[in-house]
Amino acid sequence: MKTICLYFEIHQITHLKRYRFFDIGTDHYYYDDYENDRSINDIAERSYMPALNAIQEMIEKNGKSFKVAFSLSGVGMEQLELHAPQVMEKLQELNNTGCVEFLAEPYSHGLASLVNEASFKDEVKRQCTKIKECFGKEPTVLRNSSLIYSDEIGAQVADMGFMGMLTEGAKHVLGWKSPHYVYHCAMNPKLKLLLRDVRLSDDISLRFSNSDWEGYPLFADNYMNQIAAFPEEEQVINIFMELSALGIAQPLSSNILEFLKALPQCAKDRGITFSTPTEIFQKMKSVGEINVPDTLSWVDEERDVSSWLGNPMQREAFNKLYSVADRVRIANDPRINQDWDYLQASNNFRFMTTKPSNVGLDRGIYSSPFDAFTNYMNILGDFITRVNNLYPAEVDNEQLESLLTTITNQDEEIEMRDKEITRLQAKIEKIEKEVVKLRGDKPAAAKKPAAKKAPAAKKPAAAKKTAAKKDEAKPE
């Protein structure tokens with residue numbers, strides 16, 4: 001039986017403000033708060049809320065037969081919590097249905113997996129923690145930024161304990177193979193892989209409203225007929241896209257949501273189900289390994305990382321940023337960590353691209369790739385200075401790590417001693433209370449024996465004897 005894995009990405013960039021060379025060293029706040037608030041509320045109103053409401057309606061109408069998966073970057077969640085909390089509330093409602101799975105991904109939606117394994121693992125761990133805090137579930141499947149994947153990255157993800165990963169079903173990787181099977185990592189067969197069906201996914205996310213497209217107009221029954229027509233043994237159809245495709249890339253006026261809402265019934269009529277990535281990995285075995293020696297992604301025709309690292313400006317900015325990755329991770333300063341997350345976001349490097357692209361690129365405040373590069377490097381110059389100022393610049397990373405390990409050990413020892421002091425103080429207070437109680441009981445204990453010393457029978461005899469003596473002394 002064929003099953004559809006429907007997945008949506010939710011990520012929101014933190015927009016940088018115009019930052020001049022003369023701001024370096026004097027201004028350590030890099031963000032355009034107005035644009036962040038405006039842009040995220042715009043996308044929430046035009047895309048996220050209508051799309052999530054449609055998905056909720058699909059779940060209510062179809063029950064457990066409809067399943068969907070989401071991944072949210074940590075920085076995206078921060079922006080939603082701050083500017084559009086209604087989106088997070090709606091996601092929590094969907095989570096309560098039991099028909100939704102949340103995937104892991106790098107916290108910053110950055111490119112650490114390409115250059116720094118320790119930073120990559122740390123980001124994934126932090127995002128998993130945030131997902132569990134918000135939705136009560138620990139992710140078991142990972143989706144890297146923009147579906148970036150290679151054999152080495154797959155091996156790292158397997159070492160982190162994930163059962164599976166999503167990536168791109170690129171032609172140059174698959175060759176004659178079909179994306180409609182479960183595969184596994186070439187360097188670690190424990191990690192299973194789901195590969196995006198490029199054509200079916202882009203038919204919805206890129207071409208749906210294009211009247212010049214030969215497949216226009218696309219109807220739900222025709223779309224599902226294409227899936228039903230695949231060979232019987234091709235059982236997994238992976239449709240992955242950004243949630244913003246529903247409402248932004250494809251405007252609501254194109255009836256994209258009506259198309260989406262019709263899919264579950266059309267699938268049911270053809271004996272096709274919906275499953276989450278974890279369900280698929282648990283039920284299906286891998287048919288073989290996929291060899292990906294060179295990094296791939298789901299961006300542009302090349303399906304590689306050239307959209308972020310394709311020209312000298314991008315590579316210079318990338319190398320300079322990650323030159324302090326270990327130092328940032330070791331120093332672990334809260335304010336530095338927050339800026340580090342925002343500066344890592346892959347969109348910052350995408351704004352510097354000089355590649356032509358079939359997908360429109362909104363550079364925001366930047367007039368050109370060089371403008372984006374200049375502004376980013378000014379901010380990066382100030383940021384790196386702050387990182388180096390945390391500890392003497394002449395102290396290398398190994399010395400710094402050793403120093404911070406010593407400090408950490410001292411802090412732990414102080415914490416242990418504080419706990420012991422607290423325990424002993426509590427014990428002393430308990431003993432003092434017992435002493436006070438015992439002292440208060442002693443007078444009562446002494447009075448009881450004293451009352452028993454003078455029997456009641458002796459008192460009248462003594463009294464009679466005294467009275468007799470008094471009578472003898474009286475004159476007659």
Side-chain angles (χ1 to χ4, degrees), residues 11-42 73-76 78-79 82-83 106-112 114-116 119 123 145 307-355 361-397 400:
H11 166 61
Q12 188 67 25
I13 185 174
T14 303
H15 293 273
L16 302 178
K17 69 180 181 182
R18 181 64 68 180
Y19 194 91
R20 310 290 181 183
F21 175 80
F22 297 103
D23 294 327
I24 298 174
T26 61
D27 183 2
H28 304 317
Y29 191 77
Y30 312 134
Y31 314 109
D32 187 337
D33 292 332
Y34 173 80
E35 181 58 23
N36 285 325
D37 181 70
R38 186 206 65 80
S39 62
I40 200 165
N41 275 288
D42 178 64
S73 66
V75 295
E78 288 182 9
Q79 291 299 307
L82 183 63
H83 300 294
Y107 194 94
S108 70
H109 197 272
L111 307 173
L114 301 176
V115 67
N116 193 296
S119 292
E123 284 202 55
S145 308
S307 292
W308 306 284
L309 301 175
N311 64 46
M313 291 186 298
Q314 291 171 309
R315 291 191 291 273
E316 181 180 348
F318 177 82
N319 292 333
K320 187 170 184 180
L321 175 67
Y322 283 100
S323 68
V324 295
D326 291 332
R327 200 171 185 85
V328 169
R329 179 176 51 81
I330 294 167
N332 196 28
D333 178 82
R335 180 62 191 276
I336 290 292
N337 288 344
Q338 185 180 55
D339 291 337
W340 172 250
D341 287 335
Y342 297 157
L343 293 177
Q344 277 191 95
S346 62
N347 313 64
N348 293 313
F349 301 98
R350 185 80 187 277
F351 293 148
M352 304 175 199
T353 186
T354 51
K355 281 180 57 181
L361 176 61
D362 180 7
R363 297 184 198 271
I365 63 172
Y366 307 123
S367 59
S368 67
F370 181 73
D371 186 28
F373 170 73
T374 302
N375 199 70
Y376 185 80
M377 293 303 283
N378 286 341
I379 292 174
L380 194 55
D382 183 78
F383 175 74
I384 291 177
T385 299
R386 289 168 55 211
V387 172
N388 290 331
N389 285 342
L390 282 175
Y391 298 95
E394 59 271 13
V395 178
D396 61 29
N397 288 341
L400 179 59

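Since this is a predicted model, take the numbers as computed values, not measurements. The basis for the numbers below is simple: all heavy atoms, side chains too, and nothing from hydrogens, waters or symmetry mates.
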Please determine whether the number of non-hydrogen atoms from other residues, nucleotides or ligands lying under 6.0 Å from atom CZ of R38 exceeds 12.
yes

Start with the C-alpha gap between I40 and H15, add the side-chain angles, then the distance that decides, and say whether side-chain contact (heavy atoms from CB on, under 4.5 Å) holds. CA-CA 10 Å; I40 200 165; H15 293 273; over 6 Å; no

Practice problem: Take I365 and F351, measure what side-chain contact (heavy atoms from CB on, under 4.5 Å) needs, and give me the verdict at the end. | Solution: CA-CA 10 Å; I365 63 172; F351 293 148; over 6 Å; no

| said: side chain to side chain donor-acceptor pair (under 3.5 Å), that's the test. Do H83 and N41 meet it? Break it down for me. | reply: CA-CA 7 Å; H83 300 294; N41 275 288; 5.1 Å; no

Shortest non-hydrogen separation from [X] to [Y] and the atoms involved:
| X | Y | result |
| --- | --- | --- |
| T353 | S307 | CB-O, 3.5 Å |
| L16 | N348 | CD1-OD1, 3.6 Å |
| A112 | E123 | CB-OE2, 3.8 Å |

To the nearest 0.5 Å, how far apart are [atom1] in [X] and [atom2] in [Y]?
| X | Y | atom1 | atom2 | value |
| --- | --- | --- | --- | --- |
| L321 | I379 | CG | CD1 | 11.5 Å |
| W308 | F318 | CH2 | CZ | 11.0 Å |
| L390 | T385 | CG | OG1 | 11.5 Å |
| I13 | E35 | CD1 | CD | 10.0 Å |
| Q344 | S108 | CD | OG | 4.0 Å |
| I24 | N378 | CD1 | CG | 4.5 Å |

Below 4.0 angstrom, N of the basic side chain to O of the carboxylate: do [X] and [Y] qualify?
| X | Y | result |
| --- | --- | --- |
| R18 | D371 | yes |
| D339 | R386 | yes |
| K17 | D23 | no |

The ring-ring contact (aromatic ring centres under 6.0 Å, His included) partners of Y30 (sequence neighbours excluded) come to Y19

Across all chains, not counting sequence neighbours, the salt bridge (Lys or Arg N to Asp or Glu O under 4.0 Å) partners of D341 are R126

**OP:** Start with the C-alpha gap between Q314 and T354, add the side-chain angles, then the distance that decides, and say whether side-chain contact (heavy atoms from CB on, under 4.5 Å) holds.
**Re:** CA-CA 10 Å; Q314 291 171 309; T354 51; 5.8 Å; no

Stepwise, does the side-chain contact (heavy atoms from CB on, under 4.5 Å) test hold for E316 with M377?
CA-CA 9 Å; E316 181 180 348; M377 293 303 283; 4.0 Å; yes

Which label fits F373 and F370: parallel for a plane angle under 30°, tilted from 30 to 60°, or perpendicular past 60°?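 The arrangement is tilted - the two ring planes meet at 30° to 60°.
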
### Task
Classify the ring geometry between Y342 and Y31 as parallel (under 30°), tilted (30 to 60°) or perpendicular (over 60°).
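Taking Y31 first and then Y342, their aromatic rings stand perpendicular (interplane angle over 60°).
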
